[in-house]
A.B. asks: 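Got a structure here, written out as structure tokens. Questions coming.
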Amino acid sequence: MAPPAIATAGAGRRFIGRWAVRGVTLAVPQGAFLLVYGPNGAGKTTLLRLMGSALAPNEGTVSLFGGEAAPARSRVALLTHADGHYDELSGRENLEQAKALGGLRGSVDEVLVRVGLHLRARDPVRQYSAGMRKRLAFARLLLKEPELALFDEPYAALDEEGHTVVDALFQELHARGTTVVVSTHQVARVSALCTHHAELCAGQLVAFGPGAPARSRQGVRAAGSLGEPSAEGP
Amino acid sequence: MMGVVTEPWPFVWSAYGATVVLIGGYLVSLWVRSRSTGGGDEQA
Amino acid sequence: MTLGMRVSGGVAVLLWVLGMAAGLTLAPPEEHMSDLVRIMFVHVPVAWAAMATFTVALVASVGWLATHRWGWDHLLDASLEVGVLLGVLLSVQGSVWGYPTWGTWWTWDPRLTSVAVMVLSFLGILALRAFVDEPEKRASWSAAASILAWGSVPFTYFCVKVMNSLHQKQTPWGAMHPDMLKALLLNTATITLLTVWMLMARYQLARTELRRELGT
Amino acid sequence: MKEVVRQCSLVVRKELLHLWRGKARLVATGAFAFANLVVFSFAGGLHGEAMRTNAAGFLWVGILLASTLALGESFRVEVQNQALEAMVLLPVHPAAIFYGKAIGNFVLLSLVGAVMVPCSIVLFDAVPVGGLGRLFLTIPFGAAAISAPGTMHAALSCRARSRDVLLPLLLFPLVVPGLVAAVQATQLCFLGDAMGEYGSWLTVLAAYCVVQWGLGGLLFSHIVEE
């Protein structure tokens, strides 16, 4: 039995005095498609960054593919709202730099076409719109051909056409056997594909299991407390 | 007699004085800070 | 502050004051050096204590980076603060010693400037700690900076050694008048004891502050 | 090890590309250094012989002040979109990132230093009696002494609050031993090296660089990890 792609045991991460995420224990088998949902400030971003070894847990453990998180970085790709591009360089140069530095397998031209940026590849990234920067971040992720791909709010800042690109991309990654974790508020778009769901609320894992989230519970919780959302971790 | 100034004692006193003032001041600050953070009676 | 700390603190301060009193009164003035030499009884021990404290900061930094146990960070916090205090005191004493000998409060004497540079290096790290909110980041970054800044300690010791041999008519330890040597050793012991106590007190303060910050 | 060198050379390539692409940054740093020299030249109220003896000190303080501009900028680019984190997750060895960026800053500071040499010769009318070649040899050593600790502290202060205050506050005391050696060596170039001390000052400077470049590589991983 292959080790789970992600296995967390009591994982917690604190920012100064506040626990953004605490006591999360779950296991995501390889090839699964996990949907993470919950209100703003529930700790979704922090959980994804823990899974992508961008953050080290203050409590508990996070292991990827059965081993330590950090050594598995070459097999994992994380897409967050900070896109990690160099504004002065062009889209193509950003990708070529990443490809050379990380020894990535993908082809720059192919991924540029896939995300629809091949016409603007030569322009410096500082001229890109938010949506185009997001597409370039997708291109970098595809370039890595990861075994585990983590997406934090993938649909944010994308236009309608962008949404369809992302949907197609999720289909393909899932079909290829890549373990995918998506944190989004657009649960409907992804629930058809997802094999597991996890619900976070105020840093606690309140639901985790196979299949799509039950329509009723997911809707009520998300719309329920419209109180001031506690500040999400960086 | 070495140096520029003949009467050494003012300088000896000011050196010792500076020592007492600085270290004493720091000790007081330690005392005040330990009381203010509620560490007053906490048995360490 | 616990009762134990208060009592030990009182003892340390008492011994320290007695030591200084001895330095001021008991030791006879050396024949060709005036009473000015009495400044040495506080200056040399403080110099040793300051450099030792910054070395404790180095050890604490390596300790934290290796084990990520909070005790090391508290020790680093304590040794930085106490070290800077002793360093500032050292500079003040140095310039007071300097005036009668050179006629100015400050001069480009490697001993004075190297001490000032050492103090400023670690003062910068105190500022760094004040400007970083995340406890883990604050600990790791100030530890790395302390390891870099520690280089100023041997540099200062080297300057003092070289300059003392060039200028100072300082009698080597042996030939010094036995009473003066006794006074110097007494003061070194009391200042070291007081420094250790200050480090322990500041350590406990750092631990309490971190508990409050983390709300545990 | 070979992997670190390969990644480091790629980071250097990116740094130089940034340097070339952002030529304005290079020119601004140079102009700022030159402005320092001009200010020193009349602020010092010196002339003739006194000016020449201080030329070396003014030159290096000018470069040091300008270096904070360049160092702060080199990490603003990394921190702005969290490109530094993206590199660490790629994964790239932290040591490769450090040496890449430090070499990039070294090149920038050496260029600025090289441009400042003729300027200081003119401004302080300090004809290098000890040999122009030696003067240009000292510049890269001094630039290396500033760029290693500078890169370390730029990485720290760029992510702390009030970073513009923190970088000079942390960097200047740290760089003093290296700077003293650089100034002494440069002074010998300007005023002539009667007793042949140039070699010994250069070795002091080289020793300082070895320590800073070594420690930087070791400690950088502790700075980038969250």
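Protein chains get the first letters and strands the later ones, always in sequence-line order, with residue 1 at the start of each. Heavy atoms only: backbone and side chains are in, while hydrogens, waters and symmetry mates are out.
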A.B. asks: Please answer whether the main-chain N or O of D:Ser74 pairs with a side-chain N or O of D:Lys101 as donor and acceptor at a distance below 3.5 Å.
C.D. replies: yes

A.B. asks: Under the side-chain hydrogen bond (donor to acceptor under 3.5 Å, both in side chains) test, which residues partner C:Asp73, sequence neighbours left out?
C.D. replies: C:Arg129

A.B. asks: Taking every heavy-atom pair that is under 4.5 Å apart, which of D:His153, D:Arg159, D:Met152 has the most such pairs with chain C?
C.D. replies: D:Arg159

A.B. asks: If I take atom OG1 from residue D:Thr29 and atom CG from residue D:Asn105, how far apart are they, to the nearest 0.5 angstrom?
C.D. replies: 9.5 Å

A.B. asks: Name the atoms and distances for all side-chain donor-acceptor pairs under 3.5 Å in residues 62-69 of chain D, with sequence neighbours left out.
C.D. replies:
from, atom 1, to, atom 2, distance (Å)
D:Ser67, OG, D:Leu64, O, 2.5
D:Thr68, OG1, D:Leu65, O, 2.6

A.B. asks: Measuring heavy-atom distances to chain C, does D:Leu166 have an atom under 4.5 Å in its side chain, in its backbone, in both, or in neither?
C.D. replies: side chain

A.B. asks: Who in residues 139-147 of chain C is close to chain D, using a strict under-4.5 Å heavy-atom cut-off?
C.D. replies: C:Ser140, C:Trp141, C:Ala144, C:Ala145, C:Ile147

A.B. asks: Return yes when atom CZ of D:Phe32 has more than 12 non-hydrogen atoms of other residues, nucleotides or ligands closer than 6.0 Å, and no otherwise.
C.D. replies: yes

A.B. asks: How would you list, in number order, the residues of residues 113-126 of chain C that have a heavy atom less than 4.5 Å from chain D?
C.D. replies: C:Val117, C:Leu120, C:Ser121, C:Gly124, C:Ile125

A.B. asks: Where does the angle between the aromatic ring planes of D:Phe58 and D:Phe40 fall among parallel (under 30°), tilted (30 to 60°) and perpendicular (over 60°)?
C.D. replies: parallel

A.B. asks: So if I apply the side-chain hydrogen bond (donor to acceptor under 3.5 Å, both in side chains) rule between C:Trp48 and each of C:Thr192, C:Thr195, C:Thr188, which one comes out positive?
C.D. replies: C:Thr192

A.B. asks: Considering only heavy atoms from C-beta outward, does the side chain of D:Thr53 approach that of D:Phe190 to under 4.5 Å?
C.D. replies: no

A.B. asks: Going by heavy atoms in the side chains, are D:Pro149 and D:Leu171 under 4.5 Å from each other?
C.D. replies: yes

A.B. asks: Answer whether the closest heavy-atom distance between the side chains of C:His43 and C:Val96 falls below 4.5 Å.
C.D. replies: no

